[in-house]
Number of protein chains: 2
Amino acid sequence: MHRMARRAETIDLAVLGLLHEGPMHGYELRKRLNLMLGWGRVLSYGTLYPTLKRLLRAGLIEESPGSPTAVTGRPKIVYTVTDAGHEEFERLMSEAGPTAWEDDNFDIRFAFFSRTDMEIRLRVLEGRRMRLQERLDRVQRELSMTQAEVDRYAAELQRHGVESVEREVRWISDLIRAERGEGDPGSGPEPAPQPSGPA
Amino acid sequence: MHRMARRAETIDLAVLGLLHEGPMHGYELRKRLNLMLGWGRVLSYGTLYPTLKRLLRAGLIEESPGSPTAVTGRPKIVYTVTDAGHEEFERLMSEAGPTAWEDDNFDIRFAFFSRTDMEIRLRVLEGRRMRLQERLDRVQRELSMTQAEVDRYAAELQRHGVESVEREVRWISDLIRAERGEGDPGSGPEPAPQPSGPA
DNA sequence: GTTAGCATGTAAGGAGTTACATGATTTT
DNA sequence: AAAATCATGTAACTCCTTACATGCTAAC
């Protein structure tokens, strides 16, 4: 009972998901990851390479020596996802963890939505919306309880925060609507008819 | 050259800032902090109490025994900010650190804007706007370089991200305008005529 | 030929969380 | 009197970053 779902699973998910596009080596993976995680932080080698080793030991990915040009000490190691890795990917995509875990992983899950079915997509989206709404309610409750003189700037920060979350909720709601009524794209994302060829 | 500005300074700033409102003990501080940091994470005792000890050793805060009702082992310890603590607060409010540092601390600094002068406020706001714009430019550059088939959902996530940051930039711009032209509140925060009674 | 970028790793340390440990005070 | 909440702390552990260490390959 002392070892619940590690948070490192975010990186696992990202790596496994990216490797679905085809074999890749660490350096390339890192670049893609940094684009994907994007807004801010970059992933360091000190995290990536140990993670790859761990996934390897767990049998979720396999390493294959790259081109035979690399006869030196360390050849360019190319990783592929295994069947077990694919299963783990699907588990992580659909898993319902604690609030913080799901919040941390929402973006990365969303980015891989094409590789899941609609049922999962709706579950993830609705879970996200519910949590955002709960936070909104909590903050608004706390605000109404605090009748202490609110600082002008602190109040503005709160207002902006609430507005941002409300906007996020509307975004999610649009996405849910688009998922459900496929073919009725009022203002959602493009229909994009191609069914995504595998690899 | 191996010990640049610690990131823990965020909590230092928050604690020092809150103690300006009057003496407080740890438990109360934590509640206020959690309201303030708000959207998500809560601060744990395992961080707060060691932080208080550290600030105490550094002479930035002072502890005074609370009411004499507490004759037992651990009395309710009430903390006050010292002169040195006030100086450190002002330093942290105006300090220009690396990008990540300033981004991490923007919210907390903003919340304490009432306790600084306009010069600092403008500097912090303009710094924030500049960094957001830079990120926006970088992402847009990367997007134009990546002509690889973009996944439908990944693209939507990007679009939403860009939109959010653009909105943030507009918010900051409004605030800057409001700061500069005090008395010309087009659509900025409320004028709020009361000068905030101390405690 | 030397700089810049590709490529893979390890060691040390920072920052914070969880879980544990303890006891006082207030509410039910 | 039991339960909840106030209140203070410590130890172990996790995750990640920084800095170091190494060498190949392409561009200038």
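In the text below, chain A, chain B and the rest are named by the order of the sequence lines, each starting its count at 1.
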Take atom [atom1] of [X] and atom [atom2] of [N], then tell me their distance rounded to the nearest Å.
| X | N | atom1 | atom2 | result |
| --- | --- | --- | --- | --- |
| Arg30(A) | dC16(D) | CZ | C1' | 13 Å |
| Leu55(A) | dG9(C) | CG | P | 13 Å |
| Leu52(B) | dG9(D) | CG | C1' | 11 Å |
| Tyr27(B) | dT5(D) | OH | P | 9 Å |
| Arg54(B) | dT10(D) | CZ | P | 14 Å |
| Met24(A) | dA7(C) | CE | C1' | 16 Å |
| Glu28(A) | dT8(C) | CD | C1' | 14 Å |
| Leu43(B) | dT18(C) | CG | P | 11 Å |

So, does Tyr45(B) get its side chain near the phosphate of dT8(D), meaning an N or O under 4.0 Å from OP1 or OP2? no

Side chain of [X] only, heavy atoms from C-beta on: which candidate in [options] is closest?
| X | options | value |
| --- | --- | --- |
| Ser44(A) | dC6(D), dT17(D), dT10(C) | dT17(D) |
| Tyr49(A) | dG9(C), dT10(D), dC6(D) | dG9(C) |
| Ile11(A) | dT17(C), dC16(D), dA7(C) | dC16(D) |
| Ile77(B) | dC6(C), dG9(C), dT8(D) | dT8(D) |
| Lys76(B) | dT10(C), dG5(C), dT8(D) | dT8(D) |
| Thr47(A) | dT18(C), dG9(C), dT17(D) | dT17(D) |
| Tyr79(A) | dA7(D), dT8(C), dG9(C) | dG9(C) |

Going by atom types alone, do Trp101(A) and Glu9(A) pair a side-chain donor with an acceptor below 3.5 Å? yes

Using distance alone, with no hydrogens and no angle criterion, decide if Arg129(A) and Ser173(A) have a side-chain donor and acceptor under 3.5 Å apart. yes

Which sits closer to the 5' end of DNA chain D, Lys31(B) or Lys53(B), going by the nucleotide each is nearest to? Lys31(B)

Kindly work out whether a path of hydrophobic side-chain contacts (I/L/V/M/F/W/Y, heavy atoms less than 4.5 Å apart) joins Phe113(B) to Met130(B). no

Touch class at under 4.0 angstrom, heavy-atom based, for Gly46(A) against every strand present: base

Could you please spell out the steps behind the side chain to side chain contact (heavy atoms under 4.5 Å, CB included) verdict for His20(B) and Arg115(B)? CA-CA 9 Å; His20(B) 271 85; Arg115(B) 298 205 242 289; 3.6 Å; yes

Out of curiosity, Thr10(B) OG1 to Ile108(B) CD1, how far, rounded to the nearest 0.5 Å? 8.0 Å

